[in-house]
K.L.:
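Handing you this structure, nothing more for now.
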Amino acid sequence: MANWQALIREQLEKDREQATLLLQEWVQSPSVQGEERSIQESIASRLAQMGLAVDLWVMEGEELLAHPYFVSPRDVFDASPNVVGVWKGQGAGRSMILNGHVDVVPAGDRAQWSDDPFSGKIVDGKLYGRGATDMKGGNLSSLLAIEVLQKLGVQLKGDVIFQSVVEEESGGAGTLATILRGYKADAALIPEPTNMKIFPKQQGSMWFRLTVKGRSAHGGTRYEGVSAIEKSMLVVQAIGKLEKERNDRLDDPLYEKLPIPIPINLGVIEGGKWPSSVADLVKLEGRMGVAPGEQMEDAKAEMAAALKQLAEIDPWFNEQPVELEWYGARWVPGDVDQDHPLMDILHSQFEAVTGSRAVVEASPWGTDGGLLTALADTPAIVVGPGVTQVAHYPNEYIELDEVFRCAEIFALTLLEWCGIAEDKK
């Protein structure tokens with residue numbers, strides 16, 4: 001019986017230099033929204049060279065655009081194709097999706113970066129650049145897990161489906177499109193940056209907009225008007241009260257280390273037009289966290305009820321109730337039972353590779369895992385290299401050692417989950 005762990009580690013070490021160069025190329029490709037075609041075509045070419053059945057397509061069609069889970073700031077994706085590569089198994093084995101996104105958030109203020117945001121520069125074992133940790137490093141781990149098994153002559157029983165999707169940062173339209181195209185599996189791994197913690201549960205979230213109305217008047221007689229700014233302070237307090245109520249009743253032990261497991265964040269406030277006028281309109285925009293296992297419609301109903309109760313505090317809200325609009329990005333919560341057999345395999349392989357027991361928590365942010373779990377009947381677990389605290393930040397980086405450790409864990413997991421059809425060693 002082959003010592004697969006030793007063989008996998010040895011092969012990954014042989015391939016390390018070339019794999020690192022590949023990650024540099026990916027990071028140097030600034031795949032912000034609308035500019036993903038170059039990297040996706042490169043990935044498609046790589047998958048074809050590996051012998052996978054490659055599907056590269058541009059998302060379109062009424063089925064996608066009219067789907068209740070479709071959210072995106074755009075409806076034309078010509079420059080942003082999806083890529084899926086299928087490594088066919090010999091049959092009678094469990095299948096696995098390895099899902100990752102190539103879209104990255106904008107670099108932001110370049111003055112806050114020590115180098116070009118897309119440099120791919122390596123310093124002290126860390127590769128720097130926008131997207132390095134969120135999540136091109138994890139995508140490389142998935143690709144290497146397949147590639148190393150192929151180089152060792154392994155043939156699996158079950159299929160492995162490598163997905164390189166767009167639109168995750170805007171709500172998951174890319175992964176939704178793969179589901180509508182018919183891709184599903186017995187389970188999925190998503191190598192988002194978890195610092196190699198295992199997340200069987202992922203918080204969902206959705207964006208909202210509140211419109212608070214007042215009555216304009218001259219600033220010199222402001223008492224004759226109704227300040228929407230002052231009324232908005234009551235709305236902010238009501239949102240804070242709702243957040244506390246929702247979190248106080250959440251007793252999931254996987255969230256015990258988070259001070260606010262499912263936050264409601266107010267990120268934008270706009271109001272007033274003139275310093276000498278009473279503001280007659282304020283808009284608040286924010287993000288509402290949704291607990292694993294919670295229906296998004298139920299969370300929406302709670303928000304609406306909390307805003308309706310404002311009339312009990314201030315009669316003004318009887319005359320001018322707060323307008324609530326759900327818009328923009330949305331991430332479906334995900335929940336996989338900790339007794340799921342993939343969890344046992346991940347624990348076993350993590351310990352074999354690292355010598356320690358994996359930490360299991362619930363994610364404080366949304367991923368595409370909720371869509372796979374809810375719509376594709378594909379239980380998705382999130383675990384990957386990199387830390388959240390550098391994703392979306394200036395000087396984003398990933399530790400290369402962690403990328404290769406993750407690849408080793410994923411390769412061993414594929415062996416056990418999908419099953420070995422033929423042992424050539």
Side-chain angles (χ1 to χ4, degrees), residues 32-33 69 71-74 101 103-112 117 130-131 133-135 167-173 192-193 202-214 227-247 250 255 258-273 279 281-291 294 296-297 299-307 310 321-333 362-368 370 387-394 396:
V32 294
Q33 188 177 78
Y69 283 93
V71 288
S72 176
R74 55 184 176 150
H101 67 87
D103 56 309
V104 302
V105 299
D109 180 9
R110 297 199 172 208
Q112 297 183 37
R130 174 61 80 229
T133 208
D134 187 15
M135 59 176 291
E167 286 290 291
E168 191 275 344
E169 297 288 1
S170 297
E192 290 274 11
Q202 303 103 54
Q203 176 192 150
S205 65
M206 46 192 174
W207 290 1
F208 62 89
R209 180 181 293 120
L210 306 176
T211 301
V212 184
K213 295 180 180 179
S227 171
I229 292 175
E230 293 179 8
K231 298 305 180 187
S232 71
M233 295 177 185
L234 296 176
V235 176
V236 171
Q237 292 172 8
I239 295 298
K241 180 173 179 287
L242 174 63
E243 179 189 68
K244 185 176 187 306
E245 291 171 351
R246 285 173 53 77
N247 283 274
L250 187 64
Y255 276 113
L258 295 178
I260 308 176
I262 47 171
I264 304 177
N265 179 67
L266 291 170
V268 176
I269 181 168
E270 298 176 351
K273 297 293 185 182
L281 193 71
V282 168
K283 289 187 178 181
L284 301 164
E285 294 177 347
R287 168 204 185 275
M288 183 179 193
V290 184
E294 181 180 22
M296 301 183 88
E297 292 304 316
K300 289 181 179 181
E302 280 200 53
M303 172 74 81
L307 296 173
L310 280 165
V322 177
E323 295 178 3
L324 169 61
E325 175 190 357
W326 299 98
Y327 81 104
R330 176 179 57 202
W331 290 267
V332 181
S363 82
W365 26 255
T367 75
D368 281 353
V387 293
T388 305
Q389 288 77 6
V390 301
H392 296 209
Y393 285 63
E396 179 180 345

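Atom set for the values below is all heavy atoms of this structure, side chains included, hydrogens, waters and symmetry mates excluded.
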K.L.:
Heavy-atom distance under 4.5 Å between the side chains of Leu307 and Ile239, does that happen here?
P.N.:
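Of all side-chain heavy-atom pairs linking Ile239 with Leu307, at least one is under 4.5 Å.
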
K.L.:
Between Tyr327 and Glu285, do the side chains contain a donor N or O and an acceptor N or O under 3.5 Å apart?
P.N.:
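The criterion, which ignores hydrogens and geometry beyond distance, is satisfied for Tyr327 and Glu285.
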
K.L.:
Of all heavy-atom pairs between Ala228 and Val212, which one has the smallest distance, and what is that distance?
P.N.:
CB-O, 3.6 Å

K.L.:
Name all residues meeting the side chain to side chain donor-acceptor pair (under 3.5 Å) criterion together with Tyr393; count only those two or more places apart in sequence or in a different chain, and write none if there are none.
P.N.:
none

K.L.:
Quick test of your reading of the model: are Lys213 and Glu323 salt-bridged, counting only N-O distances below 4.0 Å?
P.N.:
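So Lys213 pairs with Glu323 through a salt bridge.
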
K.L.:
Quick one: closest heavy-atom pair of Pro117 and Ala107, and the distance?
P.N.:
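Shortest heavy-atom contact: CB-CB, 3.5 Å.
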
K.L.:
Specify the closest pair of heavy atoms between Asp134 and Ala391, including all atoms of both residues, with the distance to one decimal.
P.N.:
CB-CB, 3.7 Å

K.L.:
A side-chain contact here means heavy atoms from C-beta on lying under 4.5 Å apart; do Pro73 and Gln33 qualify?
P.N.:
yes

K.L.:
Are the side chains of Ile262 and Asn247 in touch, meaning some heavy atoms are under 4.5 Å apart?
P.N.:
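Touching, per the 4.5 Å side-chain cut-off.
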
K.L.:
Roughly how far, to the nearest 0.5 Å, is the OG atom of Ser205 from the CG atom of Asn265?
P.N.:
10.5 Å

K.L.:
Leu284 versus Val268: any side-chain heavy-atom pair under 4.5 Å?
P.N.:
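No, their side chains stay 4.5 Å or more apart.
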
K.L.:
Begin with the C-alpha distance, continue with both residues' side-chain angles, and end with the deciding distance and a verdict on side-chain contact (heavy atoms from CB on, under 4.5 Å) for Leu266 and Val236.
P.N.:
CA-CA 8 Å; Leu266 291 170; Val236 171; 3.9 Å; yes

K.L.:
Among all residues two or more places apart in sequence or in another chain, which pass the salt bridge (charged side-chain N to carboxylate O under 4.0 Å, His left out) test with Glu270?
P.N.:
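By the salt bridge (charged side-chain N to carboxylate O under 4.0 Å, His left out) rule, Glu270 matches no residue at all.
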
K.L.:
Restricting to side-chain contact (heavy atoms from CB on, under 4.5 Å), what partner residues turn up for Leu242, sequence neighbours left out?
P.N.:
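By the side-chain contact (heavy atoms from CB on, under 4.5 Å) rule, Leu242 matches Glu245, Arg246, Ile264, Met288, Glu302, Met303, Ala306.
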
K.L.:
Checking Glu169 now: which residues fulfil salt bridge (charged side-chain N to carboxylate O under 4.0 Å, His left out) with it, not counting sequence neighbours?
P.N.:
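In terms of salt bridge (charged side-chain N to carboxylate O under 4.0 Å, His left out), with neighbours along the sequence ignored, Glu169 is linked to no residue.
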
K.L.:
Taking salt bridge (charged side-chain N to carboxylate O under 4.0 Å, His left out) as the test, write out the residues that go with Glu167, two or more places apart.
P.N.:
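Counting only residues at least two positions away or on another chain, Glu167 forms a salt bridge (charged side-chain N to carboxylate O under 4.0 Å, His left out) with Arg74.
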
K.L.:
Does Lys300 have any side-chain contact (heavy atoms from CB on, under 4.5 Å) partners at least two apart in sequence or in another chain, and if so, which?
P.N.:
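With sequence neighbours excluded, Lys300 shows a side-chain contact (heavy atoms from CB on, under 4.5 Å) to Met206, Glu297, Trp326, Arg330, given in chain and number order.
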
K.L.:
Which residues pass the side chain to side chain donor-acceptor pair (under 3.5 Å) test with Asp103, sequence neighbours left out?
P.N.:
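With neighbours one apart ignored, the set is His101.
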
K.L.:
Report the residues that fulfil ring-ring contact (aromatic ring centres under 6.0 Å, His included) with Tyr69, sequence neighbours left out, ordered by chain and then residue number.
P.N.:
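Result, ring-ring contact (aromatic ring centres under 6.0 Å, His included) vs Tyr69: His67.
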
K.L.:
Looking at side-chain heavy atoms only, is the closest gap between Thr133 and Val387 below 4.5 Å?
P.N.:
no

K.L.:
What pairs with Glu396 under side chain to side chain donor-acceptor pair (under 3.5 Å), at least two apart in sequence or on another chain?
P.N.:
Arg130

K.L.:
State whether the side chain of Glu243 and the backbone N or O of Gly240 hold a donor-acceptor pair below 3.5 Å, judged by distance alone.
P.N.:
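Answer holds: no.
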
K.L.:
To the nearest 0.5 Å, tell me how far Thr211 OG1 sits from Leu281 CG.
P.N.:
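That separation rounds to 6.0 Å.
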
K.L.:
Quick one: do the Thr367 and Glu168 side chains pair a donor with an acceptor below 3.5 Å?
P.N.:
no

K.L.:
Does any pair with a residue in residues 228-239 pass salt bridge (Lys or Arg N to Asp or Glu O under 4.0 Å), and if so which ones, sequence neighbours excluded?
P.N.:
Arg222-Glu230, Lys231-Asp314

K.L.:
Is it the case that the side chain of Trp331 and the backbone of Val290 share a donor-acceptor pair, with hydrogens and angles ignored and the cut-off at 3.5 Å?
P.N.:
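It does not hold such a pair.
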
K.L.:
Mind checking side-chain contact (heavy atoms from CB on, under 4.5 Å) for Ala279 and listing every partner two or more places apart, or none if nothing turns up?
P.N.:
Ile229

K.L.:
Could you state the interatomic distance from CD (Glu192) to OG1 (Thr388), rounded to the nearest 0.5 Å?
P.N.:
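Here the rounded value is 8.5 Å.
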
K.L.:
Please give me the minimum heavy-atom distance between Ala362 and Leu258, naming the atom from each residue.
P.N.:
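Where Ala362 meets Leu258 most closely, the heavy atoms are O-CD1, 4.2 Å.
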
K.L.:
Taking all heavy atoms of Gly204 and all of Arg287, pick out the closest pair and write down the distance.
P.N.:
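In terms of heavy atoms, the two residues are closest at O-NH2, 4.3 Å.
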
K.L.:
Could you pull out all residues at least two apart from Lys283 that satisfy side chain to side chain donor-acceptor pair (under 3.5 Å)?
P.N.:
none

K.L.:
Taking Gln203 for its side chain and Pro364 for its backbone only, find out whether a donor-acceptor pair lies under 3.5 Å.
P.N.:
yes

